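Below is one structure, written out as structure tokens; comments come after it.
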Amino acid sequence: MKIKYLPLILALAFNKCNLPEERQEFSDILYEPAIVTEVAYSPSRHGSGSGVGPTIDFDGNVGIAITHVSVDVPEKYAVVFKCKHGKFISEGSDQRHKELWERFYERDSVTVSYKEIFKSVYQDKNDDGKKDLVSRTLIAYDFLDAQVIKKTKK
């Protein structure tokens, strides 16, 4: 009885070995001109408060609860670039974004460096044991840096 199912098991195992494999891949570093359209800074905000409100449990009992809320929003630095792909923003709260923000003024001409991120699908199409590229789709751009070409006066 067990031997009867052996061909089915082997067929399933063989097909599983030839399933498509998805990979995330990156291009080489690419460069292109851009213009700084905006530099923005958002200061940190902190606050807290409390409130009183009604509650109800699963049994239908009504009560009163006191809640405390604390908000801590870190400062944020942002630079907006316009290039052939459209406008994009590089923003964050870390030192790298602060230094980028400090480097530019609006209307500065820059060279942007980035990588393209692809979703690639591989599968052995000719049964030679090697996975062949079946499709590649651009899914995002990974901004790396920007360097000034021409500085505008503040």
Side-chain angles (χ1 to χ4, degrees), residues 9 12-125 130-154:
I9 293 169
L12 289 173
F14 177 74
N15 282 340
K16 186 174 183 180
C17 293
N18 197 19
L19 290 176
E21 175 187 336
E22 288 186 7
R23 300 179 195 167
Q24 183 172 319
E25 299 179 327
F26 296 85
S27 70
D28 292 334
I29 296 175
L30 303 170
Y31 301 90
E32 73 179 65
I35 301 292
V36 175
T37 61
E38 189 174 346
V39 289
Y41 170 72
S42 176
S44 62
R45 295 183 298 274
H46 310 281
S48 62
S50 58
V52 178
T55 63
I56 188 166
D57 65 15
F58 289 111
D59 295 325
N61 300 316
V62 177
I64 293 182
I66 298 172
T67 58
H68 299 282
V69 177
S70 179
V71 176
D72 184 19
V73 179
E75 63 187 353
K76 189 177 280 189
Y77 303 92
V79 180
V80 181
F81 299 95
K82 182 178 180 183
C83 65
K84 71 179 181 181
H85 297 107
K87 286 186 178 181
F88 69 94
I89 187 168
S90 177
E91 66 179 341
S93 299
D94 58 6
Q95 187 64 28
R96 175 178 174 251
H97 286 93
K98 181 179 181 183
E99 290 170 2
L100 189 70
W101 174 81
E102 290 173 335
R103 208 181 318 163
F104 301 117
Y105 296 110
E106 289 180 14
R107 297 185 310 279
D108 281 352
S109 295
V110 299
T111 298
V112 172
S113 57
Y114 65 98
K115 289 185 177 185
E116 294 173 321
I117 304 172
F118 298 95
K119 180 178 92 173
S120 300
V121 178
Y122 290 86
Q123 188 172 18
D124 185 358
K125 297 301 273 182
K130 293 183 181 178
K131 300 261 183 175
D132 304 300
L133 179 64
V134 176
S135 68
R136 177 175 279 160
T137 307
L138 178 64
I139 57 173
Y141 297 102
D142 181 18
F143 171 79
L144 300 175
D145 198 10
Q147 298 298 321
V148 174
I149 297 172
K150 183 179 177 189
K151 194 91 170 142
T152 60
K153 295 182 181 179
K154 186 172 180 183

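Please read all numbers here as calculations on a predicted model, not as lab measurements.
Taking a 6.0 Å sphere around CD1 of I66, one finds it holds 12 or fewer heavy atoms contributed by other residues, nucleotides or ligands.
Atom-to-atom distance recorded for T111:OG1 and I149:CD1 is 3.0 Å, nearest 0.5 angstrom. Atom CG of L138 and atom CZ of F118 lie 5.0 Å apart (nearest 0.5 Å). The NZ atom of K150 sits 11.0 Å away from the CZ atom of R107 when rounded to the nearest 0.5 Å. Separation of atoms CD (E106) and OG1 (T37) is listed at 7.5 Å; rounding is to 0.5 Å. Note that CD of E91 and CG of L100 are 11.5 Å apart. Values are rounded to the nearest 0.5 Å. The distance from atom CG of L30 to atom OG of S113, rounded to the nearest 0.5 Å, is 9.5 Å.
Residues Y122 and R136 have side chains in contact (heavy-atom distance under 4.5 Å, counting atoms from C-beta outward). The side-chain heavy atoms of V71 and R45, taken from C-beta on, include no pair separated by under 4.5 Å. Within the 4.5 Å cutoff, the side chain of T137 has no heavy atoms near those of the V121 side chain. At a threshold of 4.5 Å between non-hydrogen side-chain atoms, the residues S109 and I35 count as touching.
Under the 3.5 Å distance criterion, the side-chain polar atoms of D57 are matched with a main-chain donor or acceptor of D59. At distances below 3.5 Å, not a single donor-acceptor pair connects side-chain atoms of S90 with backbone N or O atoms of V79. The backbone N or O of K84 lies less than 3.5 Å from a partner atom in the side chain of E32, making a donor-acceptor pair. A distance-only check finds no donor-acceptor pair linking the side chain of H46 to the backbone of D72 [under 3.5 Å]. Here the side chain of R103 pairs a donor or acceptor atom with the backbone of A146 at under 3.5 angstrom. Judged by distance alone, with hydrogens and angles left aside, the side-chain atoms of S93 form a donor-acceptor pair with the main-chain N or O of E75 at under 3.5 Å.
Shown here are the ring pair (Phe, Tyr, Trp, His ring centres under 6.0 Å) partners of F143, two or more places apart in sequence or in another chain: F81, F88.
When all heavy atoms of K151 and V148 are compared, the pair lying nearest together is N-CG1, 3.7 Å. When every heavy atom of I29 is checked against every heavy atom of K115, the shortest pair comes out as CG1-CE, 3.6 Å.
Taking the six-membered ring for Trp and thresholds of 30 and 60 degrees, W101 and Y41 have ring planes inclined between 30 and 60 degrees apart.
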Test side chain to side chain contact (heavy atoms under 4.5 Å, CB included) on V36 and Y105; report intermediate values, then the result. CA-CA 7 Å; V36 175; Y105 296 110; over 6 Å; no

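Side-chain contact of Y114 with E116: a donor-acceptor pair under 3.5 Å is absent, judged by distance alone.
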